[in-house]
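Okay, structure first, notes after.
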Amino acid sequence: MNSTLTQKIAEALAPISLRCVECDALYPGAESGQTPRYRCDCGGVLDVEAQLMPRIPATPLLDEAGDILNAVEIDLPPRAGASWRQLFDERSGGLHTWSGNTEELLLNQSGVWRYRELILPVPTRYVISRPEGNTGLYPVGLENCGTGRVGHRQIGKFAGLERLYLKHEGENPTGSFKDRGMTVGITIAHLLGASAVACASTGNTSASLASYAAQAGMRCIVFLPAGNVAGGKLAQSLAYGATTIQIAGDFDDAMRLVEQVCNEAGIYLLNSLNPFRVEGQKAIGFELLQQLDWQAPDWLVLPAGNLGNTSAIGKAFRQAYQLSLIGHMPRIASIQAQGANPFYRSFMQNFASRESVQAHTVATAIKIGNPVSYTRARRVIEESDGVVEEVTDEEILAAKAVIDRSGIGCEPASAATLAGMRKLVERGVIKRDERVVGILTGNLLKDTVTGIPQRADDAVVEPALPAIRSVLKL
Ligand code: F0G
């Protein structure tokens, strides 16, 4: 690593500290000459603490190196909500064309970097982005879904909710919400001069990392639980050129091993244990709030596995509330599969102890027994007056069938969202008329087998009208 780069890293990461979520110890964002730090000396997971970034003007003046010259230092007053809303709304306005400043455009077009002051202060030329985000928010409740959209309304009917929205994170570049954290993680890897990156994954993180590493020209190594990664996800990692290591164990084994290998071999670790990835995933929260014109919903419901997403969205809501971007904190409901429910078990004892299980579920994305971000996510549930719910595989598959048949579609783990909210409505925890946003985390095509009716081979029809008439019973 040359000295200019080292100085740039120090500058870029100066406003950032890493705080241990267990013992409160504080570390600099990057320690010169040190290997990257993913954990506190006590073993605790780290959380990014950033002073708010200088505000970047709508038309930045860039020097030759791409650094912004006219950033305005702002002393963020506690009631600055309106000006932040205006800035983010300006950036997302209109159709983006490539005639202007490409770098600024790329950043404004990304549903992550549009909120860059709240995500990560890095010189623009280090940013590696597809761009990501800008995913659909579908009104599917009985009241907020037009009667003509019969298919989508079935979702509201199934959930028993009048004002329901589904945010489809499967519409990200690699088909899952992971891209939002990955653009930030890989940008840090780039800034640190990493030549190789790695993760353990149930499939989506690895697909995303493989794609971003390919874009950045880095070697990518992914640790996967053998036989437990859906076909579409595995195909992506292979196609993007990652080295795949299939572990004869579960995700929790893969996670433990990748951390050891990364520390030993100086490979940059990009699981959600990496605190910078969580910062990028916060953008799901900011973007959905912006799509709702900054009117916070009453509830946010999402599937929970390693608990990175629960931590990230909760942090985004906390920051949005602190900045007066929104007037109240949504309550968060994390949904686990019954056979992979350590967080639910802890919640049921008021978090008296941290549980772990041997995980089993058809929703392989959330087949995780010992979630890394437990403490971060616990804080989110407590702070937001949230809940943790569990759903059976049968309930997940029933909900998936409704989402699929509506024409939206999602992968099995995502359907835990709908299954969970239905249960919470039935139990009276979520009220029928409350405004609810559910997150669909992955694309239908990630897993083309689980919960999808498979056609028998003999369903091939002769290429003649009589045969077709007979099949269609016309
Ligand atoms: N939904 C999908 C589709 C996922 O891929 C994951 C996690 C989750 C939900 C749970 O999110 O872990 O932040 O609580 N997938 C990880 C992976 C573990 O390796 O792709 P979480």
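Positions are given from 1 along the sequence. In listed order, ligands and their atoms are each counted from 1. Worth knowing before you read on, the calculation uses all heavy atoms, side chains too, and leaves out hydrogens, waters and symmetry mates.
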Check if A304 has a non-hydrogen atom at a distance under 4.0 Å from any atom of ligand 1. yes
Could you tell me if any non-hydrogen atom of I368 lies under 4.0 Å from any atom of ligand 1?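 Yes.
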If you count the atoms of ligand 1 from 1 in the order shown, which ones are under 4.0 Å from a heavy atom of [X]?
X    : value
T202 : 15 (N), 16 (C), 17 (C), 18 (C), 19 (O), 20 (O)
T205 : 16 (C), 17 (C), 19 (O), 20 (O)
I366 : 8 (C), 9 (C), 10 (C)
F177 : 1 (N), 2 (C), 4 (C), 6 (C), 8 (C), 9 (C), 11 (O)
N306 : 12 (O), 14 (O), 21 (P)
N204 : 2 (C), 3 (C), 4 (C), 5 (O), 20 (O)
S201 : 17 (C), 19 (O), 20 (O)

Using a 4.0 Å heavy-atom cut-off, say whether E411 meets ligand 1 through its side chain, its backbone, both or neither.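 Side chain only.
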Step through it carefully: locate the ring centre of F351, locate the ring centre of F343, and say whether they are under 6.0 Å apart. yes
If you measure every N or O of N309 against every N or O of ligand 1, does any of those distances drop under 3.5 Å?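 Yes, N309 has an N/O under 3.5 Å of an N/O on ligand 1.
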